[in-house]
J.: 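Could you have a look at this structure, given as structure tokens, before my questions?
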Amino acid sequence: MATATRKAHATAGVSEPASLAFRTYRDNGEHYHWEIVDSDGAVIAQSGSFASQDDAERAAREVHERARCAPFESRVAEERHAVVA
């Protein structure tokens with residue numbers, strides 16, 4: 001009984017992590033991109049454009065590998081004031 005109570009308590013209010021996937025694609029302008037999609041196919045993040053599929057895949061793999069140990073930092077963007085001459 002104690003084990004069941006601990007297990008139920010440990011998972012209370014915690015949802016299962018979404019299944020994410022990296023994928024690459026070519027747009028209509030013949031540029032390649034990578035994106036991260038969730039299990040429902042919703043796009044979570046997208047890259048800029050790359051000249052080749054190899055370049056897009058290489059960049060996606062680098063993000064995938066480096067994101068595993070990246071700390072999360074929450075910062076408020078500083079306002080930028082335009083200087084009028």
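Fair warning: this is a prediction, and the values are worked out from it, not measured in the lab.
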J.: For Arg66 and Glu62, what are the C-alpha separation, side-chain angles and deciding distance, and is it a salt bridge (Lys or Arg N to Asp or Glu O under 4.0 Å)?
T.: CA-CA 6 Å; Arg66 290 180 178 219; Glu62 188 168 331; 3.4 Å; yes
J.: Any chance you could measure Phe50, atom CZ, to His31, atom NE2, to the nearest 0.5 Å?
T.: 11.5 Å
J.: Please find the pair of heavy atoms, one from Asp55 and one from Ser52, that lie closest to each other, and give the distance.
T.: N-OG, 3.0 Å
J.: Indicate yes or no: at least one non-hydrogen side-chain atom of Arg23 is less than 4.5 angstrom from one of Glu35.
T.: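 With C-beta onward as the side chain, the pair touches.
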J.: One thing to verify: whether Glu65 and Arg61 come together as a salt bridge, which I'm taking to mean a side-chain N less than 4.0 angstrom from a carboxylate O.
T.: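 Salt bridge absent between Arg61 and Glu65.
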J.: Drop me the distance from Asp38's CG to Leu20's CG, to the nearest 0.5 angstrom.
T.: 6.5 Å
J.: Nearest 0.5 Å, what's the OG1-CZ distance between Thr24 and Arg58?
T.: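 If we round to the nearest 0.5 Å, Thr24:OG1 and Arg58:CZ are 12.0 Å apart.
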J.: If only atom types and distance count, is the side chain of Asp40 paired as donor or acceptor with the main-chain N or O of Ala42 below 3.5 Å?
T.: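 Between the backbone of Ala42 and the side chain of Asp40 there is no qualifying donor-acceptor contact (under 3.5 Å).
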J.: Check whether any side-chain N or O of His33 sits under 3.5 Å from a backbone N or O of Tyr25 as a donor-acceptor pair, and report yes or no.
T.: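 No: the side chain of His33 does not pair with the backbone of Tyr25.
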J.: In terms of relative ring orientation, are Phe22 and Trp34 parallel, tilted or perpendicular, with 30° and 60° separating the classes?
T.: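 Tilted: the ring planes of Phe22 and Trp34 meet at 30° to 60°.
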